[in-house]
There are 2 protein chains.
Amino acid sequence: MTSIKDVANHAKVSIATVSRALNGASNVTEATRKRILAAAKELNYHPNAMARSLVEKKSRIFGYIISGLKKGAKHCIVQDTLVGIYEYASSIGYEILMFAVDSNLQRSKSYVDFANEHALAGVIIQGLRTDDQYYREMIDGRIPCVLIDLPADSSRIGSVSIDNAAAAKEATLHLLAHGHRNIAFMTGVDEASVSTERSLGYLAALQQFGLAIKPEYLLHGNFSEDDAYTAVKDFLPASPEVSAVFCASDLMALGVLRAAKELNIKVPQELAVIGFDDILLAAYADPPLTTVHQDFTDLGFEAARMLYNIIKGQDVPHTRTVPHTFIVRKSG
Amino acid sequence: MTSIKDVANHAKVSIATVSRALNGASNVTEATRKRILAAAKELNYHPNAMARSLVEKKSRIFGYIISGLKKGAKHCIVQDTLVGIYEYASSIGYEILMFAVDSNLQRSKSYVDFANEHALAGVIIQGLRTDDQYYREMIDGRIPCVLIDLPADSSRIGSVSIDNAAAAKEATLHLLAHGHRNIAFMTGVDEASVSTERSLGYLAALQQFGLAIKPEYLLHGNFSEDDAYTAVKDFLPASPEVSAVFCASDLMALGVLRAAKELNIKVPQELAVIGFDDILLAAYADPPLTTVHQDFTDLGFEAARMLYNIIKGQDVPHTRTVPHTFIVRKSG
DNA sequence: TTGTACGCGTTATCAT
DNA sequence: ATGATAACGCGTACAA
C-alpha cells in the first residue's frame, strides 16, 4: 500500500506538508498543494484509516448497535434503517460497523467495549430495552449516542422516533370514529418505551371519547405474532362485545388475524384490526392491514445526521420526531 | 481508556510481557500470566483495535460489500445474509463493516480503496454484477474475497451459492410433471450469473422431456416486479397456449401474478406461476407462491466461514453449494 | 511556508 | 522468562 511517505517522496516534500495539503490546511502554497494532490492521485493514495484513528483517538466510523438481529425476521426493520444510516454516513465519508446484542451469541465483550476498542465516532442504538445491562454505561460514556425509539434522558445524547403516542391515538380515534366502543389494545413488551407511548395514545383517545378504561382489554403480545395469537384466542370468544383490536405492531396484528380466521370471526365486519409499523407483510395480509406507517429509512437517516451534529458540537435539538402516516387498508 | 501500559504498571511487568500473556504466548510463567490476566480484568482492559491493526497490517474486520441496498426493498436479503455473516464473524471475534455500491450515492472511493484503507481481513461480496467496474481489481487484489451468487473464476477466491441450475431444473420438472408443455421463463438481468444458471436449469428440464426450446418463451423481467408485469401483460394474451411461467425471482413472479389478475387469468387453474428465492412475501401472495427456497442466512454464514478458512490458509474447497428447498404452495 | 520529530497503542525482534 | 525498543502510518507541535 502506498503511504503518505510515498506521496511525500514523489512530490518532493515532507510528510507533514502532505498531511497538511490533504487535510486542507491553509498554510500550504497553492503550487505545492497542486503537486501533492497530483502525486496522491497518481499513486492512488488513500490514508490508512487505522493510523489516522490511532493518532486522532477517534475513528470515522459509526457503530450500529441493534437488538433483535435474528434469523427469519418477518420484517426488514434493520435493513431499512441501515439504508438510511448508510446514506447519511457515506455522504460524510463515514463507515458503519455492526454490533448485534443478544443474538444468543456468546460475545466476549459488550457493545461498550466494542465502541471503545474501535474508538467509534458515535453509535446509533436501536431495539434496545432500557433495562439492558450495558445501556447506562453506554449512554453515560464519552461516546456520542443516538437512540432510535428510546427517549433520551440526558441532554448529551440524541433520540429519534415517530410520535408514537400521537400515532396510536390517531389509530384509536379512527376506530372510535367508525363506531367501535369496545376496543382492545395489544401491547408489546413493557420495557420498550414505544409500548408505553402507544398505550398512552390509545388511552388518550378513549378518554377523549369519555370512555372508561377496561384493564381486561389490555392484551400482552410481546411484539410476537404467536403470543398475540395465543392472547386473543382466549380473549375474543370470552369478550364478544369487543369489536376492534388495536395492536402495537403489525406482527401482533398478523397473529390476531390468524386467530380470527380460526375462530371464524370475519375481519373487518365482525372485528376490526389495526396494526403498527407498516411492515412489508401488512399490505399483503388478508385482509390488508390498516396500520401506522413508519419510515425506518428516514429514522436511520435522521439518527445518523443527528449523531454527526452532536459529534461536531452543533447546537441542535437532541430529539427529533419523524413524520408517520396512518394508512387505511381493509382490516379496520 | 486503559492501555496495555496501565496493565503493565498494575501487574509490575513490561508491556511486552502483557502482550505475550494476553495473546497466549507460551513463554510466560503461569504465575505472571495469572497476575496479568487479573490486572487486565480489574482494569477492564481491551486492546485498541486500531493500534493492533496498524502493526499487524490487517484488521479483524470483514467487509460486507453489497450492491442494491436501497430504500423500500421488497425482500430482506441483505438483512438475512447479514445475520449469517454476523453470527460466524462474532464467533471468531471479528466485526462487520458495511459498504454499499451504486446506491446512487456519490462516494469518493471504491470498495477496493475501502478495503485497503481499513486493512480488511477479507470481504464478502453480494449482488455484484461481473461487469462491475471494480470487480476484477477487487478479486485480483491481495484481500481475500468470498462471493455470494457469483462463480469464483480463480482459485484464490471463494464462492458460495445454492445450485441454481439444479433448483431451476427441479422447478421446471415440477411443471412438466403436472402436464405443462408450454412453459415460459422469466429471466433476470443477463449480467447476473444466477440468471444464466437458472435459465440453464430451465432448458435442461425441457430437454429432458424432449421439448423444443422456443426463444419467444424467454421473457426479460430484470428481477423487477414492474418489468415482469409489463413483459407478461403483452405476452400472455398473445400466447394463450402458455400454461405456466417460471420466474427467476419471486419479485418477478409477483409481477406476473398481478398481470394475471388484471387479465382475469386464474392462477393456478389457467396459469401456473413459480418463483425463486422464497422471499417473505411469497407465502403471503395470493395465491401463495410455489418457489425455490434459498436460505440467505446460511449463505452468509458459509461465506463468512469460508472467508475465515481462506484467511487462515486452510486448504478447503473454495466453492460451496448450500442446500435449497423446492416449496410447493398454491400458485403452480 | 516547510521540515523534523514525537506520540498514538500495539506486536515483534532482539537482548538480557 | 522478561524487558527495552523498533516499527506500523498518520497528525501535529515546534523549529527553521
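Model, not experiment: these values are computed from the prediction. Numbers restart at 1 for each chain; the letters A, B, ... are given by sequence-line order, proteins then strands. No hydrogens, no waters, no symmetry mates; every other heavy atom, side chains included, goes into these values.
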By the salt bridge (Lys or Arg N to Asp or Glu O under 4.0 Å) test, which pairs, at least two apart or in different chains, include something from residues 126-136 of chain B? B/R129-B/D131, B/R129-B/E191, B/R136-B/D140, B/R136-B/D153
Whole angstrom value for the distance that separates P of D/dG9 from CG of A/N48: 7 Å
Which atom pairs link the protein and nucleotides 3-7 of chain D when you take only N or O atoms and keep those under 3.5 Å?
residue	atom	partner	partner atom	Å
D/dG3	OP2	B/S14	N	2.7
D/dG3	OP2	B/S14	OG	3.1
D/dG3	OP2	B/T17	OG1	2.9
D/dG3	N7	B/R20	NH2	2.9
D/dG3	O6	B/R20	NH1	3.1

In chain order, what residues pass the side chain to side chain donor-acceptor pair (under 3.5 Å) check against B/R156, with sequence neighbours excluded? none
Give B/S3 one of three labels, base, sugar-phosphate or nothing, depending on what nucleic acid heavy atoms sit under 4.0 Å from its own. sugar-phosphate
Let me see the working for B/E117 and A/M1 under side chain to side chain contact (heavy atoms under 4.5 Å, CB included), right down to the final yes or no. CA-CA 9 Å; B/E117 278 180 36; A/M1 284 305 300; over 6 Å; no
Give me the residues of residues 21-33 of chain B where at least one heavy atom lies under 4.0 Å from an atom of DNA chain C, by number, or none. B/N23
Is any side-chain N of the basic residue among B/E42 and B/R35 closer than 4.0 Å to the acidic one's carboxylate O? no
With sequence neighbours excluded, what pairs up with A/F62 under the ring-ring contact (aromatic ring centres under 6.0 Å, His included) test? A/Y94
Counterpart residues, side chain to side chain donor-acceptor pair (under 3.5 Å), relative to A/D315 (two or more places apart): none
With side chains defined as the heavy atoms from C-beta onward, is the minimum distance between B/L43 and B/H10 less than 4.5 Å? yes
Overall bend - the helix from C/dT1-D/dA16 to C/dT16-D/dA1, comparing terminal axes fitted on five pairs, nearest 10 degrees: 50°
Excluding sequence neighbours, so at least two apart, what forms disulfide (SG to SG under 2.5 Å) with A/C145? none
For A/L150 and A/L128, which heavy atoms make the closest approach, and how far apart are they? CD1-O, 3.5 Å
Partners meeting side chain to side chain donor-acceptor pair (under 3.5 Å) with B/Q79 (sequence neighbours left out): none
Please list all pairs meeting ring pair (Phe, Tyr, Trp, His ring centres under 6.0 Å) that have one or both residues in residues 119-139 of chain B, counting only residues at least two apart or in different chains. B/Y111-B/Y134
B/P144 side chain reached by B/L307 side chain, heavy atoms, under 4.5 Å: yes
For chain A and DNA chain C, what are the first and last nucleotides along the strand, 5' to 3', with at least one atom under 4.0 angstrom from a heavy atom of the protein chain? C/dT1 to C/dG9
List in chain and number order the residues that pass side chain to side chain donor-acceptor pair (under 3.5 Å) with A/N164, two or more places apart in sequence or in another chain; answer none if no residue qualifies. A/R198
